[in-house]
Structures are given as structure tokens and as C-alpha cells.
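Every chain is numbered from 1 and lettered A, B, ... according to where its sequence line falls, protein lines coming before strand lines.
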There are 2 protein chains.
Amino acid sequence: MPMATMRDVAELAGVSTATVSHVINGSKKLSPETTERVLRAISQVNYTPNTVAKSLRMGQTFTIGVLVEDIRGLPVAAIVSGISETLSKAGYKTIFHDLHLLEKLYNQYEQIGTYRERINEGVLLLKSSNVDGIIYVAMHDRHLDYLLDPMDTPLVYAYSHGTENDTYVTYSNKDSAADMIRYLLSKGHERIAVIAGHPHSYPTGQRLLGIQMAMQQAALTLPPEYIRYGDWEYESGKTQTKALLELPSPPTAIFAMNDLMAAGSLSAIQTMGLQIPKDIAIVGFDNREIASYLQPPLTTVALPTPAIGAKAALHIIDMISNPYAHPVREIIPCSIIERDSV
Amino acid sequence: MPMATMRDVAELAGVSTATVSHVINGSKKLSPETTERVLRAISQVNYTPNTVAKSLRMGQTFTIGVLVEDIRGLPVAAIVSGISETLSKAGYKTIFHDLHLLEKLYNQYEQIGTYRERINEGVLLLKSSNVDGIIYVAMHDRHLDYLLDPMDTPLVYAYSHGTENDTYVTYSNKDSAADMIRYLLSKGHERIAVIAGHPHSYPTGQRLLGIQMAMQQAALTLPPEYIRYGDWEYESGKTQTKALLELPSPPTAIFAMNDLMAAGSLSAIQTMGLQIPKDIAIVGFDNREIASYLQPPLTTVALPTPAIGAKAALHIIDMISNPYAHPVREIIPCSIIERDSV
DNA sequence: TCTGTGAGGTTAATCGTTTAAAAGATTATA
DNA sequence: TATAATCTTTTAAACGATTAACCTCACAGA
């Protein structure tokens with residue numbers, strides 16, 4: 001049995017389709033009797049408006065395209081969760097497109113062409129679905145200016161940065177790192193070492209900046225031998241920690257720039273027979289699931305993922321109703337999750 | 001500048017919109033010159049068909065609604081990833097709706113009403129978006145028969161079961177558990193204990209069945225004191241393991257029914273000063289991220305999540321073109337991930 | 001009695017496609 | 001030469017909503 005249409009309702013109620021539409025949308029004052037009759041007819045035939053027809057007529061789909069690099073990436077799922085919640089509360093639907101780009105993204109510059117293709121395809125697909133706007137959730141900064149060229153659809157970046165002229169919402173690298181240092185300082189640590197990520201990556205640079213800043217403010221310095229670079233992976237945390245502990249004057253606290261390296265660090269510390277947090281403190285970044293199951297549970301900084309998603313959704317909705325507004329850059333602070341590793 | 005329409009193309013090429021449509025869809029043989037002219041016009045005005053109009057006319061949206069309990073649930077993201085990939089390869093779009101139901105689901109029977117409401121809302125929302133079909137991704141079995149009542153939209157369950165008359169795709173609880181036992185047996189273990197999940201949950205029951213079966217086939221038995229029930233959480237793994245180790249004749253291998261409890265178990269074993277896997281072996285279930293970062297890395301069973309997603313997508317597409325086919329129940333085997341804990 | 005006003009409803013165009021059916025043009029057949 | 005057959009293209013009616021503009025009627029005021 002085909003879905004009931006507005007016509008069916010109109011006929012049953014003995015009115016025109018215009019009247020039915022007005023009842024549904026409250027777009028005109030109607031007599032109580034008519035309204036009543038139409039409402040009854042609606043529930044009698046179990047009528048639901050056909051969104052497709054509505055969209056065609058109104059030139060709006062009330063649909064936002066959510067383009068993600070890979071939903072399997074941990075922060076991505078949490079961000080999408082936030083987006084989805086806010087969007088549906090605001091009456092928007094989410095059309096989801098996954099680029100499946102989770103392979104290790106670094107050092108694959110030869111493949112950048114393929115990435116661009118995949119991304120372009122995704123955008124085209126969403127645009128051809130007549131989405132009212134697009135949210136792009138990427139784990140690493142990508143310069144997507146080339147994408148914007150043919151883009152008359154509002155776009156906001158969530159998590160990663162766009163260019164200067166884009167609207168994006170991300171988390172604070174610099175301030176969060178500084179906060180963590182201040183936290184360590186407040187616990188009495190002064191000899192703090194850091195295991196950074198890839199030397200040239202944006203988060204590494206920013207966080208290092210924040211760290212130096214916080215140290216300076218405390219009239220302390222971060223000696224060069226206390227800065228070691230890893231590759232964001234478990235093993236590198238292990239190696240760099242060993243190097244750190246063999247220093248003539250080893251640190252009393254280690255700040256690893258993600259939880260994976262922190263886990264490696266923790267394992268290295270323990271195989272050297274040291275106690276955490278008695279002999280040395282260790283903190284991470286990201287608050288992945290693993291952080292709470294390490295022994296001891298890891299103190300780390302939590303990304304404001306739900307907030308990033310929610311804000312991104314809010315911004316895209318704004319941009320739809322107000323297409324010529326200025327781009328807005330929103331940077332959300334992270335929070336420190338205290339556990340037992342310091 | 002508004003998007004170019006078929007009319008624009010037609011005018012530019014000096015033909016009717018019907019001709020343009022035929023060129024695009026290859027639905028009629030046309031002279032090469034006309035085709036050429038239309039094609040040129042299309043790229044000149046940068047035309048993309050308006051999907052909304054197309055959907056209205058065709059009565060099909062080429063859109064599948066993906067209803068998830070909560071995308072933050074680990075297996076959920078991986079399943080959605082599989083769904084999305086298969087769907088978009090087949091030319092379908094994914095409209096995503098998250099129910100945000102991640103709060104601990106157990107023992108909340110009072111809240112079941114709210115769940116039903118949330119789920120119903122979601123289904124209604126998707127139906128009103130005129131999706132061609134719905135995939136429901138739930139982490140726990142829910143009896144959604146009440147949902148099907150007004151459902152003329154094809155539905156497939158992914159991960160969880162539906163009722164007898166539903167199409168679903170899930171993983172094998174019984175066989176995977178049996179496989180794991182056989183694996184342990186092959187490594188020389190005969191005194192195998194199990195830390196189960198909630199006593200009355202479906203996975204617990206099925207896996208226990210598989211375990212008993214495999215033991216019997218090896219002419220071994222699982223003594224009652226070797227079966228302990230946890231609550232799927234870390235702490236319960238710890239407690240149950242302690243109890244197991246205090247037995248007069250402790251097991252040489254422990255099979256925890258998820259990685260979280262296995263992690264707890266591992267911690268308990270180590271605080272008792274035992275070596276893994278030398279003194280005792282431990283295996284888990286789920287292959288969560290945590291499994292590979294435990295010390296030692298945990299041997300566990302991996303859920304076939306991408307396959308579940310892919311198959312679910314395939315089934316829904318089948319059902320769309322063939323609405324009166326029989327329901328199909330597909331159970332996909334899991335695989336054992338060998339690491340260093342046995 | 002006539003005009004003006006407002007309330008309550010309707011008419012019909014429109015959004016951008018698809019697709020039967022019709023029409024026109026060209027070639028083949030008798 | 002007339003007719004049939006074929007090939008190419010067009011006409012126009014959908015699909016199911018929204019909405020500006022119009023219509024009708026009742027009543028108030030002059």
C-alpha cells in the first residue's frame with residue numbers, strides 16, 4: 001500500500017491540499033472545525049509529509065552532509081556523535097559519507113593525489129544530494145582550499161583547520177599543553193621532559209609552544225635534552241623514555257603527546273623497575289580508552305570532541321541562514337583527566 | 001548563482017529536456033551529434049542532476065537509513081564503516097541517525113519505555129526522509145518486532161538479532177568460543193577456566209555452549225568451579241580471576257568473554273606474581289584497541305565488523321529490489337588474533 | 001442599498017526531473 | 001509513387017508538496 005499523500009488527506013477531509021498544508025504548517029488561520037477535520041483525516045490515513053516533495057518545492061533539504069576521513073578514528077566517532085545530536089535536535093538530517101582514509105596518513109605525499117580525488121568525489125556526492133551544508137571532519141589539517149572553488153555550499157571544518165577564510169572549530173593545542181605543564185608544576189615537578197610527536201606536525205609545534213610558555217611563566221626552562229620526538233606510536237614512547245631515563249639528570253615527570261606513546265613510556269619505566277607515580281610521573285594526551293586501563297590509570301588531557309561536533313553543527317546552521325557572515329574560528333579548551341599516574 | 005538545471009542545458013544545446021535526460025541516462029538511442037552537443041552543454045554550465053527532483057519523480061531516493069544505538073560504541077563505528085563503503089560503491093547514500101543510547105544498557109528495564117520511544121522516533125524520522133531501506137545497528141539484542149508493524153520499508157539488523165522473521169547479519173558466538181577453546185587445547189591447555197559475562201545475556205549463553213561443546217569433543221569437561229560470571233567490566237575480571245587462582249587446582253588458561261575483563265584478569269594475575277604466558281595463559285574477546293597495548297599483548301577473538309556492515313548493506317539492497325524474498329539470517333565467523341598472552 | 005473589510009478557503013503555478021505517447025523525418029518496400 | 005517501417009526527437013503529464021493571488025461570503029458602516 002503506497003504512502004498516503006496530502007491529496008488523500010484533502011479528499012477525506014473535503015478540503016483542498018492548500019488547506020491541509022496550512023493546517024500542518026500553521027501558515028494561515030483556519031476555522032477550528034476545518035482544522036479538526038483535517039487533523040482527524042491525517043491520523044486516519046496515517047499521513048506523513050513527503051520530505052522529498054517538500055525539499056524540491058522549498059529548495060532546501062534540511063540535510064547536512066557530514067564528510068569524515070574515517071569513522072574508525074576514535075575522535076571522529078565522538079565528534080560525529082556530537083554533530084548528529086545537535087543536528088537532529090535542530091531538525092536537520094545527517095547524510096554521512098566516509099572517505100576511508102585511515103591508513104597511516106603521514107609520509108604518504110605521493111598519495112596526496114588520491115586523497116584529493118577521494119575527497120572531491122565525496123564533496124560532489126554530497127552536493128548532488130543537495131545538502132544544505134557540509135561539515136568536514138578530518139583528523140589532520142588538510143588544505144582544502146581547492147575544494148572550495150566550486151563550493152556554493154556552506155562548509156565548516158571540525159577538528160582540523162581549514163584556511164584563513166574558513167569557518168572551523170577545533171581544540172586548543174597550545175593552551176592545553178600549557179595547562180598540563182601547570183598541573184605538573186602544581187604537583188611539585190620541575191624537571192619535566194616531553195615526548196613529542198612528529199617534529200613537523202602542527203600539534204607538535206603548537207603544544208611545544210604552550211609547554212615552553214608555561215615553563216617560562218614559572219621561571220623554569222625546558223632543557224633541549226628533555227625534548228624527544230616520537231612518531232605517535234607505542235614503540236617510540238618506549239625508546240624515547242629509555243633515552244630520557246639514561247640521562248645524567250633524568251626528569252621527574254614525562255609529558256607524552258599522546259596516550260599511545262605514554263603507554264609505551266609507562267612500560268619502559270616499569271621494566272626499568274621504577275614506580276609510577278612515586279619515582280616518576282607520566283601523563284598523556286587524547287584520553288583514549290586505553291588510558292583508563294593502563295596500570296596505573298593514566299592522567300591525560302581529554303579532547304572536547306562532543307563540543308567540537310556540537311559547535312560545528314551550530315555553525316553550519318548559522319551559515320545556512322546567514323550565508324554572508326564572516327568566517328568564525330572557534331578553539332575549544334581541553335580538560336585534564338586526573339588519574340593515578342602523577 | 002543558482003545551480004544549473006536540465007532546462008538550462010536543454011536551451012543551450014537547443015534540444016528538449018527529454019533529450020538531455022535521455023543522454024544522461026542512456027535511456028534512448030540518440031544521434032551522435034545531439035549527444036555530443038548535449039554533453040558539451042552539460043560541462044559548459046557545470047550541470048549536476050538534482051537528486052531531489054529525481055527522487056520525487058522516481059519514487060526512490062537511493063538512500064539507506066542507518067540507525068545506530070550509539071556510534072561511540074567501538075564495534076558500531078567499524079560496522080558503519082563497512083556499511084558506508086559498500087553502500088556508496090553501490091550508488092546508495094547513507095543517512096545516519098544516532099540514538100545516543102550508550103549509557104549502560106543493562107538492568108535499566110524501567111527505562112525500556114524511553115528506549116522504545118527514541119527508537120521509534122528514529123525510525124519515523126528515517127521513514128519521513130523516504131529512505132529506501134533501514135539498517136539497524138544495535139549492540140544488544142532488542143526485540144523490535146513492535147517496530148515492524150507499520151513498516152513497509154525493508155529493514156535489516158546488523159550485529160544484533162531481530163526476530164525469527166527478520167533479516168539480520170551477526171557474528172558467531174558459539175563457534176568462535178569453540179574455536180578459541182580448540183586453540184587453547186592445541187597449545188596444550190586442558191584446565192581452562194572461563195570468565196563469562198552477565199549470566200542471562202545471549203552472548204554469555206551461546207559462548208558457554210560453544211565452550212562446552214569443544215571441551216566435550218576433546219573428551220574433557222569444564223568443572224563448574226571453572227565458570228565464573230562477571231559483568232563485562234574490568235573490575236569483575238580482576239575479582240573473578242583472584243577467585244580462580246585461589247582454587248585448589250587452578251586453571252592453566254583463562255578465557256575471558258571480553259577484553260576488558262581479560263585486562264582485569266591480566267592485572268590480577270600479575271599482582272599475584274605470576275608470569276604470562278609462562279605460568280598461565282589468558283585470552284579475551286572483541287579485539288578492542290586495548291588488547292594490543294596490554295603487557296603482554298592479548299590474544300583475543302576479533303569480531304568480523306567490516307564484514308557485518310558490508311553484508312548488511314548487500315542484504316538491504318537485495319531487499320529493495322526484491323521485497324518479497326525470504327528473510328535471511330547470516331552468521332559470520334570470527335577470527336583469532338594471536339598475540340603473546342598464550 | 002451599496003461598499004469595504006476580514007475571515008476562511010481555493011486555484012493553479014512551481015520546484016527539476018522522468019517517461020509514455022505522439023510526432024516528424026528519413027529510409028525501405030511494394 | 002504510395003505506404004510502411006524505422007529512427008530521432010518532442011510534448012506533456014506526472015511525482016507531492018508550498019504559496020502568492022484570487023475568490024466568496026458575511027457582516028459593518030454609511
Side-chain angles (χ1 to χ4, degrees), chain A residues 1-42 45-63 91 93 127-132 152, chain B residues 1-42 45-63 91 93 127-132 152:
Chain A
M1 176 195 50
M3 202 70 160
T5 81
M6 202 171 232
R7 248 193 109 78
D8 300 329
V9 175
E11 268 165 24
L12 185 58
V15 296
S16 72
T17 60
T19 302
V20 178
S21 174
H22 287 136
V23 168
I24 291 173
N25 301 308
S27 39
K28 204 157 224 176
K29 212 170 45 169
L30 298 172
S31 76
E33 304 89 59
T34 313
T35 306
E36 173 60 20
R37 210 140 32 88
V38 169
L39 254 24
R40 205 195 321 280
I42 286 179
V45 300
N46 199 14
Y47 168 76
T48 330
N50 180 320
T51 325
V52 175
K54 184 169 177 158
S55 295
L56 176 59
R57 176 60 225 245
M58 310 248 287
Q60 251 204 85
T61 54
F62 289 96
T63 293
K93 276 153 270 151
K127 286 187 67 176
S128 85
S129 302
N130 301 72
V131 296
D132 295 340
D152 29 18
Chain B
M1 177 195 50
M3 202 70 160
T5 82
M6 201 172 231
R7 250 192 108 79
D8 301 328
V9 174
E11 268 166 25
L12 185 59
V15 296
S16 72
T17 61
T19 303
V20 178
S21 175
H22 287 136
V23 168
I24 291 172
N25 301 307
S27 40
K28 209 151 223 182
K29 212 169 46 167
L30 297 172
S31 75
E33 304 89 60
T34 313
T35 306
E36 173 61 20
R37 213 143 28 92
V38 169
L39 254 25
R40 204 193 325 276
I42 286 178
V45 299
N46 200 13
Y47 168 75
T48 330
N50 180 319
T51 325
V52 174
K54 185 169 176 157
S55 296
L56 176 59
R57 176 58 226 245
M58 311 248 287
Q60 250 203 86
T61 55
F62 288 97
T63 293
K93 274 154 272 151
K127 284 187 69 177
S128 85
S129 302
N130 301 75
V131 296
D132 295 341
D152 30 17

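Of the two residues contacting DNA chain C, namely B/Val52 and B/Ser27, the nearest-nucleotide position lying further toward the 5' end is that of B/Val52. Nearer the 5' end of DNA chain C, as judged by each residue's closest nucleotide, is the contact made by A/Thr17, out of A/Thr17 and A/Ala53.
In this structure, B/Glu11 atom CD and D/dT10 atom C1' are separated by 15 Å, rounded to whole Å. Protein atom CE of B/Met6 is 11 Å distant from nucleotide atom C1' of C/dT19, rounded to whole Å. Rounded to whole angstrom, the span from the CD1 atom of A/Ile42 across to the P atom of D/dA17 amounts to 10 Å. Residue A/Leu56 contributes atom CG, which lies 14 Å from atom P of D/dC15 at whole-angstrom precision. Between A/Arg7 atom CZ and D/dC15 atom P there is a gap of 9 Å when expressed in whole angstrom units. Here the C1' atom of nucleotide D/dG16 and the CG atom of B/Asn130 are 10 Å apart, to the nearest Å. Look at CZ on A/Arg57: it is 13 Å from P on D/dA17, rounded to the nearest Å.
Inter-residue side-chain proximity for B/Thr5 and B/Asn50 is flagged as unmet; no heavy-atom pair is nearer than 4.5 Å. Counting only heavy atoms from C-beta outward, the side chains of B/Lys54 and B/Asn25 approach each other to under 4.5 Å. In this structure the side chain of B/Ile42 reaches within 4.5 angstrom of the side chain of B/Ile24, judged on heavy atoms.
Residue A/Asn50 has no polar side-chain atom (N or O) positioned under 4.0 Å from OP1 or OP2 of D/dC15.
Looking at the side chain of B/Ala18, the nearest of the listed nucleotides D/dT18, C/dG16, D/dT11 is D/dT11.
Across all strands shown, A/Thr5 has heavy atoms under 4.0 Å from sugar-phosphate atoms exclusively, and none from any base. Nucleic acid contact for B/Met58: sugar-phosphate only, since backbone atoms but no base atoms lie under 4.0 Å from a heavy atom of the residue.
Salt bridge present: A/Glu11 and A/Arg7 bring a charged side-chain N and a carboxylate O closer than 4.0 Å. Contact check on B/Arg37 versus B/Glu33 returns no salt bridge, with no Lys/Arg side-chain nitrogen under 4.0 Å from an Asp/Glu carboxylate oxygen.
Partners of B/Thr34 according to the side-chain hydrogen bond (donor to acceptor under 3.5 Å, both in side chains) rule, which considers only residues two or more places apart in sequence or in another chain, are B/Ser31.
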Below 3.5 Å between N/O atoms, which protein atoms pair up with nucleotides 5-9 of chain C? Just atom names and distances, please.
residue : atom : partner : partner atom : Å
C/dG9   : OP1  : A/Ser31 : OG           : 3.0
C/dG9   : OP1  : A/Thr34 : OG1          : 2.3
C/dG9   : OP2  : A/Ser31 : N            : 2.9
C/dG9   : OP2  : A/Ser31 : OG           : 3.4
C/dG9   : OP2  : A/Thr34 : OG1          : 3.2
C/dG9   : O6   : A/Lys28 : NZ           : 2.9

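Checking side-chain atoms of B/Thr63 against main-chain N and O of B/Thr61 turns up a donor-acceptor pair under 3.5 Å.
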